[in-house]
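This report refers to the structure that appears directly beneath it.
Nothing here was measured: the structure is a model prediction, and the numbers come from that model.
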Amino acid sequence: MVKQLDYHALQRIFSRFREAEAEPKGELHHSNAFTLVVAVALSAQSTDIGVNKATKRLFELADTPEKMLALGEEAVIEHIKTIGLYRNKAKNVIKLSRILVESYGGQVPSSRAALQSLPGVGRKTANVVLNMWFGQPSQAVDTHILRLGNRSGIAVGRDETAVERAIEDNVPAEYQLHAHHWLILHGRYICTARKPKCAICPIRDDCLYEEKTE
DNA sequence: ATCCCGAGGG
DNA sequence: CCCTCTGGAT
């Protein structure tokens, strides 16, 4: 089990992230709060590239909850059939759209509780929306961040919630807002699940991961 | 703990 | 072939 890195190490790591990319963005295509919620919900256990491919036409036809309802579940299924878990996701997109229309005036709510009450929206998705759309320094922990956090010592914890706390407790305040995207992009492209690219890793000096142990 | 579940990479 | 991908609901 890797130890949690201290404040000074995290200061060095995040200053390098910021140096390379001052305003890191997510890679899920969306045009408004509604399409962001749907895109993030669809991204569960799927790649951004695959989600973007599927939502391109879907969002041309329906970029509001009203239009999504009019489109209907069967049509949604046809558009997202190339994404894993598509049946559950299509059902959730329709149910979620209905709730937004009936209870929120067609708007996406800004509170965590309201977001998480939507079908298919759990803690991680709510955190992404709070961060990306409402500008809150919330930490959405996905598969990449869970892996990167525990390998490197940036944020150590047994599950997503523990890693989320570790980020909040240990990452310097000035980096909290963008931490999610810096971490996920680093996990996606450098600290990959299988053969992590340690040779070109910009934070190698502070990382606790030993390539030999995997 | 288990189910959902296709595409892409190695 | 097996593993992984911005998880959530039961």
Side-chain angles (χ1 to χ4, degrees), chain A residues 17 21 24-30 33 35-59 73-74 76-100 108 112-134 136-152 154-155 157-164 166-167 176-198 211 214:
Chain A
F17 285 155
E21 180 59 72
K25 306 291 184 198
E27 299 182 325
L28 281 173
H29 296 168
H30 62 282
T35 50
L36 174 62
V37 172
V38 173
V40 178
L42 292 181
S43 72
Q45 301 292 283
S46 307
T47 61
D48 278 12
I49 295 176
V51 173
N52 288 337
K53 201 173 296 181
T55 57
K56 179 171 170 55
R57 286 216 45 225
L58 178 65
F59 291 164
E73 185 173 330
E74 290 308 315
V76 172
I77 287 179
E78 288 310 310
H79 285 97
I80 69 170
K81 214 166 185 169
T82 53
I83 308 176
L85 319 179
Y86 67 91
R87 269 188 279 263
N88 286 334
K89 289 174 180 176
K91 199 178 302 292
N92 285 333
V93 166
I94 293 300
K95 289 168 71 177
L96 164 165
S97 297
R98 181 168 293 116
I99 293 172
L100 290 180
V108 173
R112 161 187 301 292
L115 285 168
Q116 283 195 181
S117 76
L118 300 172
V121 179
R123 185 176 184 84
K124 181 261 175 183
T125 298
N127 275 330
V128 173
V129 174
L130 288 170
N131 184 285
M132 290 183 70
W133 195 260
F134 295 107
Q136 294 184 30
S138 50
Q139 302 305 329
V141 178
D142 69 329
T143 179
H144 295 300
I145 298 180
L146 187 67
R147 176 183 68 246
L148 167 61
N150 282 295
R151 265 184 185 166
S152 63
I154 290 175
R158 306 212 177 275
D159 56 26
E160 290 82 353
T161 311
V163 169
E164 182 181 332
I167 295 172
Q176 289 280 332
L177 180 60
H178 295 307
H180 170 67
H181 284 127
W182 279 318
L183 292 172
I184 197 171
L185 292 172
H186 187 75
R188 182 178 295 166
Y189 294 115
I190 306 293
C191 196
T192 48
R194 291 199 239 176
K195 286 165 41 187
K197 301 176 173 58
C198 299
E211 301 170 60
E214 274 191 69

Between the main-chain N or O of Q139(A) and the side-chain N or O of N131(A), is there a donor-acceptor pair closer than 3.5 Å?
no
Go through the structure and list residues passing ring pair (Phe, Tyr, Trp, His ring centres under 6.0 Å) with H181(A), not counting sequence neighbours.
none
Once the angle between the rings of H186(A) and F17(A) is folded into 0 to 90°, is it parallel (under 30°), tilted (30 to 60°) or perpendicular (over 60°)?
tilted
Please confirm whether the backbone N or O of G187(A) pairs with a side-chain atom of R147(A), one donor and one acceptor, at under 3.5 Å?
yes
d(CG, L148(A); P, dT4(C)) in whole Å
16 Å
How would you label the contact of V141(A) with the nucleic acid (heavy atoms, under 4.0 Å): base, sugar-phosphate, or nothing?
nothing
Taking atom C1' of dT4(C) as reference, at what distance in whole Å does atom CZ of R151(A) sit?
12 Å
Under a 3.5 Å cutoff, is there a donor and acceptor pairing between the side chains of R112(A) and N127(A)?
yes
Under 4.0 Å, counting only non-hydrogen atoms across every strand here, what does G50(A) touch: a base, just sugar-phosphate, or nothing?
nothing
If you measure from the Lys or Arg side-chain nitrogens to the Asp or Glu carboxylate oxygens, is any gap between E160(A) and R123(A) under 4.0 Å?
no
Is T125(A) touching bases, backbone alone, or none of the nucleic acid, heavy atoms closer than 4.0 Å?
sugar-phosphate
Going 5' to 3' through nucleotides 1-8 of chain B, assign each nucleotide B (protein heavy atom under 4.0 Å from a base atom), S (under 4.0 Å only from sugar-phosphate atoms) or - (no protein heavy atom that close).
---BBBSB
Looking at every strand, decide which applies to L118(A) at a 4.0 Å heavy-atom threshold: base, sugar-phosphate, or nothing.
sugar-phosphate
Looking at every strand, decide which applies to I145(A) at a 4.0 Å heavy-atom threshold: base, sugar-phosphate, or nothing.
nothing
At under 4.0 Å between heavy atoms, what does G187(A) touch on the DNA or RNA strands: base, sugar-phosphate, or nothing?
nothing
If you check every side-chain atom of A193(A), which of dG7(C), dT6(C), dT4(C) has the closest atom?
dT4(C)
Classify E160(A) by what it touches in the nucleic acid, base, sugar-phosphate, or nothing, heavy-atom distance under 4.0 Å.
nothing
